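Okay, so here's the structure we're looking at.
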Amino acid sequence: MAKYIFVTGGVVSGLGKGICASSLGRLLKQRGLRVTLQKLDPYFNIDPGTMNPIQHGEVFVTDDGAETDLDIGHYERFIDENLTANSSVSSGKVYWSVLNSERDGEFLGKTVQIIPHITDKIKSCIYSLDDGENDVIITEIGGTVGDIESQPYLEAIRQVGKERGAGNVLYIHVSLIVQIPGSNELKTKPTQHSVKELLSMGITPDILVCRTAEPLPDGLKRKIALFCNTETDCVIQNITARSLYEVPLLMAQEGLDLVACRKLGLVTDEPDLTEWHIIVDRTLKATKIVKIALVGKYTELHDAYLSIAESFYHAGTENDVIVDIDWIDSETLTDENAGEILKTAQGIIVPGGFGERGIEGMISAVKYARENDIPYFGICLGMQMAVIEFARHVAGLTGAHTTEVDPGTKYPVIDLMPEQVGITQKGGTMRLGKYPCVLSADSVAINAYGQADISERHRHRLEFNNEYREILQAKGLLLSGLSPSGNLVEIVELPTNKFFVGVQFHPEFKSRPNRAHPLFREFVKASIR
């Protein structure tokens, strides 16, 4: 039977519960344990797939095609495991499932209530990860203790503690130590009140992770332990790190994993953090800067491109450089001002997105990169914009477009493909999740990956229109990656340029701090001057 760890948050949101859960997962994995993670989100959307990225951040996609919260991306990067749809649970999913069961008569006429029906469904989502393969299941509860929408989750995890018994369930509470402006005095009262709120729900936190900008004196740790009814070594300082990936090392210094193992009765070896130390040290030693222009439509919230930013961090580490991202709103870019706005860019990336806003600015960015031989990397929509730009300005297909924006275009080089292409449609008309791809010989892609057969994660509706393959190839566009059947174009390249690659998939979802994605690694390498 697996052990369960629940991570809650208090005082304010945005304290880094996800990073805390991920860091602990990494430390436990380095102790030889099999670990998985899960996020329970209180929002009533079924998933974040239809949410505005500027409000909620990026949608992270798993191998099995689940559209999930961005915290799932943190989980995968830290523990280096591919998670599934079971790792992302929303109130929308929970209530939808319960209401469908009620309509199907499964409750035999009983009154459907929060307790036991909603809480039972939440518990079933938690227990579903106990598949006999995992030693520890870490579940993060979204939101903040005290939120109305979080209460069913807190009640459910309280019941898990009762059902699984002492020594099998651990509660970690992440809270804020407030620093008074002017005096810089550290105050623990908000944390005490947050724990009091949790106690009122029947949950006694075993470990307190205290987010702080300054080191916590031992006296304050003893005070927190006394008022919150825990041991002093269970009060863990979570100080601001120099790098996101330094957090596991700082947590190890504080003994988070040691205390967790003690509380859960887990006997393990000491964690081997050698590789992790090397990653962090190598990152912090880098001094050379590579400036990459990211031309997108959601740039006002950088979390909308979180996995891309992290992939650049990984690629920078492997190339011993610091990648400085210049966030450019594609709506501000035109053919006339591209030279001024992009003049300092050593590389240009156009990421994914949906809708017509900012499209022409992206095409201008592609044109500037192609004509000036600046390394270009197009992801999903960015690949489609590269095809459109090439069709318009090289192949002479004036007005070429995607039918998503211009359904009546004379040259629909990007279009919905007919059903007979043989793909399994996931998510309605969208292609979601992992799909295979075969790479061409002597291409940038195959040199980056080092193998011909790969698989990557997708999230899109439209495809390269096969009716235009011949004319675009004749003008010099290389279709360097195709589906195994040859029906779907996955990667395009311009062999005449130093680095010009567009991919229909999202490589950023598979990049890891200890293993940068090959295409990001090579793109950054090509951008170094």
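Note that this is a predicted model, so its numbers are computed, not measured.
- Smallest separation of non-hydrogen atoms from Ala369 and Ile348: CB-CD1, 3.9 Å.
- There is a side-chain donor-acceptor pair under 3.5 Å between His393 and Glu389.
- Environment of CD in Gln451: crowded, with over 12 heavy atoms of neighbouring residues, nucleotides or ligands closer than 6.0 Å.
- Listed by chain and number, the residues in a ring pair (Phe, Tyr, Trp, His ring centres under 6.0 Å) with Tyr153 amount to none (sequence neighbours excluded).
- Evaluation of the side-chain hydrogen bond (donor to acceptor under 3.5 Å, both in side chains) rule for Asn45 yields no partner, not counting sequence neighbours.
- The closest side-chain donor-acceptor pair between Arg457 and Asn82 falls under 3.5 angstrom.
- Here the rule is salt bridge (Lys or Arg N to Asp or Glu O under 4.0 Å) with Asp233, and of Arg262, Lys263, Lys221 only Arg262 fits it.
- Taking the six-membered ring for Trp, Phe509 and Phe60 have ring centres closer than 6.0 Å.
- When only modelled atom types and interatomic distance are considered, Ser527 and Gln346 share no side-chain donor-acceptor pair under 3.5 Å.
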Show the numbers, then the answer: is there a salt bridge (charged side-chain N to carboxylate O under 4.0 Å, His left out) between Asp257 and Arg26? CA-CA 9 Å; Asp257 56 317; Arg26 185 74 203 192; over 6 Å; no
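- Using modelled atom types and a 3.5 Å distance limit, the side chains of His74 and Ser22 yield no donor-acceptor pair.
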Could you walk me through whether Ile308 and Ser311 pass the side-chain contact (heavy atoms from CB on, under 4.5 Å) test, one step at a time? CA-CA 5 Å; Ile308 286 178; Ser311 297; 5.5 Å; no
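- Results of the side chain to side chain donor-acceptor pair (under 3.5 Å) test with Arg31 over Asp135, Asp269, Thr268 single out Thr268 as the only residue that passes.
- Screening residues 357-366 for side chain to side chain donor-acceptor pair (under 3.5 Å) gives Glu331-Arg357, Asp335-Ser364, Glu360-Arg392, Glu360-His401 as the qualifying pairs, with residues at least two apart or on separate chains.
- Ring-plane geometry between Trp327 and His302 is classed as parallel, the angle between the planes falling under 30 degrees on a 0 to 90 degree scale with a further cut at 60.
- Atom-to-atom distance recorded for Tyr298:OH and Phe354:CZ is 7.0 Å, nearest 0.5 angstrom.
- The aromatic rings of Phe6 and Tyr171 sit parallel, their planes meeting at an angle under 30°, below the 60° perpendicular limit.
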Test side-chain contact (heavy atoms from CB on, under 4.5 Å) applied to Val295 and Leu342, step by step: CA-CA 10 Å; Val295 182; Leu342 299 172; 4.3 Å; yes
Quick one, Glu463 with Arg431, criterion salt bridge (charged side-chain N to carboxylate O under 4.0 Å, His left out). Give me CA distance, side-chain angles, the key distance, then yes/no. CA-CA 10 Å; Glu463 306 277 355; Arg431 192 147 64 104; 2.8 Å; yes
Report the C-alpha distance between Arg512 and Glu76 in whole Å, list the side-chain angles of each, state the deciding distance to 0.1 Å, and finish with yes or no for salt bridge (charged side-chain N to carboxylate O under 4.0 Å, His left out). CA-CA 8 Å; Arg512 302 287 185 262; Glu76 286 203 356; 3.2 Å; yes
Run the numbers on Lys29 and Glu81 for salt bridge (charged side-chain N to carboxylate O under 4.0 Å, His left out), then give the verdict. CA-CA 10 Å; Lys29 184 176 179 180; Glu81 299 284 349; 2.9 Å; yes
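- Of all heavy-atom pairs between Glu58 and Leu306, the closest is OE1-N, 3.6 Å.
- If you check the side chains of Glu140 and Tyr75, you find a donor sitting under 3.5 Å from an acceptor.
- A donor atom on one side chain and an acceptor atom on the other are found under 3.5 Å apart for Tyr313 and Ser243.
- Identified under the salt bridge (Lys or Arg N to Asp or Glu O under 4.0 Å) test for residues 283-312, with sequence neighbours left out: Lys291-Asp324.
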Apply side-chain hydrogen bond (donor to acceptor under 3.5 Å, both in side chains) to Glu493 and Ser480, showing your working. CA-CA 7 Å; Glu493 298 181 17; Ser480 62; 2.9 Å; yes
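- When atom types are taken as modelled, the side chain of Ser87 and the backbone of Gln38 share no donor-acceptor pair closer than 3.5 angstrom.
- Note that CG of Leu170 is 9.5 Å distant from CG of Leu266, once rounded to the nearest 0.5 Å.
- Between Phe520 and Phe377, the ring centre distance stays below 6.0 Å.
- Annotation: the span from Ile5 atom CD1 to Leu264 atom CG amounts to 5.0 Å, rounded to 0.5 Å.
- Between His56 and Tyr43, the distance from one ring center to the other falls under 6.0 angstrom.
- Outside the 6.0 Å centre-distance limit, the rings of Phe505 and Tyr435 are not counted as a close aromatic pair.
- In this model, a donor atom of one side chain and an acceptor atom of the other lie less than 3.5 Å apart for Arg77 and Ser307.
- Side-chain atoms of Thr334 and Asn337 form a donor-acceptor pair, as typed in the model, at a separation below 3.5 Å.
- Applying the side chain to side chain donor-acceptor pair (under 3.5 Å) definition to pairs two or more places apart or across chains, those involving residues 207-216 are Arg211-Thr240.
- Applying the ring pair (Phe, Tyr, Trp, His ring centres under 6.0 Å) criterion to His517, with sequence neighbours excluded, gives Tyr449.
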